[in-house]
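What you see below is based on every heavy atom in this structure, not just the backbone, and it leaves out hydrogens, waters and symmetry mates. All residue numbers in this chain count up from 1 along the given sequence.
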Amino acid sequence: MTALKNDRFLRALRREPVDCTPVWLMRQAGRYLPEYRATRKEAGSFLGMAKNPEIACEVTLQPLRRYDLDAAILFSDILTVPDAMGLGLYFVEGEGPKFERTIRSAADAAKLGVPDMETELRYVMDAVRVIRRELDGKVPLIGFSGSPWTLACYMVEGGGSKDFARIKAMALNEPAALHRLLSVNTDAVIAYLAAQRAAGAQALQVFDTWGGVLSPAMYREFSLPYLQRIAHELDRGEGAERTPLILFGKGTAAYLEDLAATGAEGVGVDWLVELGDAARRTGGKVALQGNLDPATLYGSPEAIRAEVKRTLDSYRDGNGGSREGHVFNLGHGMSPDMDPDHVAVLVDAVHTFSRR
């Protein structure tokens, strides 16, 4: 593979000195870009893009042609894993992802197994290989998965949810069934991330998008132990060649110390906690990623620059005056109605204000 021309992102995750803070954005390849919308129209559907490695590569690279980003992230979806388990993923316009079959009992969970990564999920691995080739060392490529708990939410609810009543009822009434589901999900996530790494992903992120809907007691029973398993059991190599793992949770700031103790290299932080507080609480054990409120991109260029500087300074203040160990990102993903020109302002501000 070609040597990296820009390794700021990987160096920051190792908490090594960099010339400026690296930046990438969750959902940076997405519907806010007119070129993405054109590609989707041509492909016919979201899954039509995600399951075609050449199109997935094109969509992954689109934001890198516009912006001086420090990492690319694989264009895919967290629900590819349960889809490969046979649950039948489909998308309803305006409603998001749905499953034809759901998991509602111990018997349902017992039928699930870990998919073969080079057969049922070959299209994902082929996309990683194509993207690595086309990146030609420009920036690192991030692979990703949903967390076991977040995947389970969709698998039990059958799609998105406002109150997660079905899966919380399962947690209360049939905890053994839910643990069985979470266990097979964890096995699958570990295998999935390992296969992405083998195909060429240079960093890995786990999205625990719905971890924050759990009470503290439920989080410590149904989400955290499975994140710990991933961090402990996923083979990532050693030394400078180690593939860093980032754990991102939405609404999980209460557990920053626990996440920092998992053995992951990075922890993603949403915008509901001051980044400086997060830095103090994690004490340099991990790199931190985040945490600008995505809604900042609706502000004026001046407002965006001011918020970027405030976020950078907050991290430095909480990290003893050092900017090292920080990857700039949003506290969650971008929205379709955001202005592409405002993204350019954000990326330029990060590099300008953080220049060493």
Side-chain angles (χ1 to χ4, degrees), residues 4-26 28 63-64 67-73 138-140 142 202-205 239-240 242-249 253 256-257 259-262 264-294 296-297 299 301-332 334 342-356:
L4 271 173
K5 301 175 181 74
N6 173 357
D7 66 349
R8 282 182 198 132
F9 170 68
L10 297 180
R11 289 176 65 84
L13 287 173
R14 296 194 295 264
R15 304 192 300 285
E16 296 173 356
V18 290
D19 60 327
C20 61
T21 298
V23 55
W24 71 277
L25 306 173
M26 288 183 277
Q28 66 188 26
L64 297 170
Y67 312 118
D68 186 22
L69 294 158
D70 295 294
I73 183 165
K138 180 180 180 179
V139 293
I142 305 166
Q202 293 149 292
L204 301 165
Q205 176 156 312
R242 185 171 175 84
T243 303
L245 173 69
I246 304 163
L247 301 179
F248 169 75
L256 280 171
E257 293 87 348
L259 293 167
T262 59
E265 285 70 32
V267 172
V269 184
D270 70 14
W271 68 95
L272 300 177
V273 60
E274 280 290 338
L275 199 53
D277 291 342
R280 280 186 285 272
R281 287 171 56 191
T282 53
K285 291 179 182 175
V286 289
L288 290 181
Q289 180 175 277
N291 71 334
L292 189 73
D293 182 347
T296 304
L297 284 165
E302 294 73 23
I304 293 168
R305 281 190 280 265
E307 284 300 298
V308 166
K309 187 174 188 304
R310 186 196 58 75
T311 301
L312 288 165
D313 290 345
S314 176
Y315 177 82
R316 183 188 60 189
D317 294 344
N319 198 41
S322 173
R323 292 200 190 276
E324 313 312 333
H326 179 208
V327 174
F328 198 100
N329 207 317
L330 303 175
H332 198 241
M334 298 180 63
H342 286 195
V343 178
V345 172
L346 184 156
V347 173
D348 178 69
V350 173
H351 288 153
T352 298
F353 292 136
S354 68
R355 188 73 58 181
R356 313 291 197 259

- [ ] Determine, stepwise, if the pair Leu25 / Tyr67 fulfils side-chain contact (heavy atoms from CB on, under 4.5 Å).
- [x] CA-CA 11 Å; Leu25 306 173; Tyr67 312 118; over 6 Å; no

- [ ] Enter the distance from Ile73:CD1 to Gln28:CD here, rounded to the nearest 0.5 Å.
- [x] 7.0 Å

Task: Cationic N near anionic O, under 4.0 Å, Glu324 to Arg356 - done: yes

Task: Asn6 side chain near Asp70 side chain, heavy-atom distance below 4.5 Å - done: yes

Task: Arg355 side chain near Arg323 side chain, heavy-atom distance below 4.5 Å - done: no

- [ ] Find the distance between CD (Glu257) and OG1 (Thr282) and round it off to the nearest 0.5 Å.
- [x] 8.0 Å

Open item on the list: In the structure I gave you, are the side-chain heavy atoms of Pro244 and Arg14 within less than 4.5 Å of one another anywhere?
Closed with: no

TODO: Identify whether the distance between the nearest side-chain nitrogen and carboxylate oxygen of Asp277 and Arg281 falls below 4.0 Å.
DONE: no

Open item on the list: Just so I know, are the side chains of Leu346 and Val23 near enough to count as touching, which here means a heavy-atom distance under 4.5 Å?
Closed with: yes

Open item on the list: Quick test of your reading of the model: are Asp313 and Arg316 salt-bridged, counting only N-O distances below 4.0 Å?
Closed with: yes

Open item on the list: Would Val308 and Phe328 count as a side-chain contact (heavy atoms from CB on, under 4.5 Å) here? Give the steps.
Closed with: CA-CA 9 Å; Val308 166; Phe328 198 100; 4.0 Å; yes

Task: Taking every non-hydrogen atom, the tightest pair across Leu4 and Val139 - done: CD2-C, 3.4 Å

- [ ] May I ask you to test the Arg310-Phe353 pair for a side-chain heavy-atom distance under 4.5 Å?
- [x] no

Open item on the list: Ignoring hydrogens, what is the shortest heavy-atom contact between Val286 and Ala264? Give both atom names and the distance.
Closed with: CG1-O, 3.3 Å

Open item on the list: On a heavy-atom basis, which atom in Thr21 and which in Ser354 lie closest, and how many Å separate them?
Closed with: N-OG, 2.8 Å

Open item on the list: Strictly distance-based, threshold 3.5 Å: is any side-chain N or O of Asn319 a donor or acceptor partner for the main-chain N or O of Ser322?
Closed with: yes

Task: Met334/Val343 under side-chain contact (heavy atoms from CB on, under 4.5 Å): CA gap, chis, key distance, verdict - done: CA-CA 10 Å; Met334 298 180 63; Val343 178; 3.3 Å; yes

TODO: Please name the pair of heavy atoms, one in Asp270 and one in Phe248, separated by the smallest distance, quoted to 0.1 Å.
DONE: N-CE1, 4.3 Å

- [ ] Check whether any side-chain heavy atom of Leu297 sits under 4.5 Å from a side-chain heavy atom of Leu330, and report yes or no.
- [x] yes

Task: Over all atoms of both residues, closest heavy-atom pair of Val345 and Pro301 - done: CG1-O, 3.8 Å

Task: Evaluation steps, side-chain contact (heavy atoms from CB on, under 4.5 Å), between Leu275 and His326 - done: CA-CA 10 Å; Leu275 199 53; His326 179 208; 3.4 Å; yes

Open item on the list: Ignoring hydrogens, what is the shortest heavy-atom contact between Ala71 and Trp24? Give both atom names and the distance.
Closed with: O-CB, 3.9 Å

Task: Gap between atom CG of Leu256 and atom CZ of Arg280 - 0.5 Å precision - done: 12.5 Å

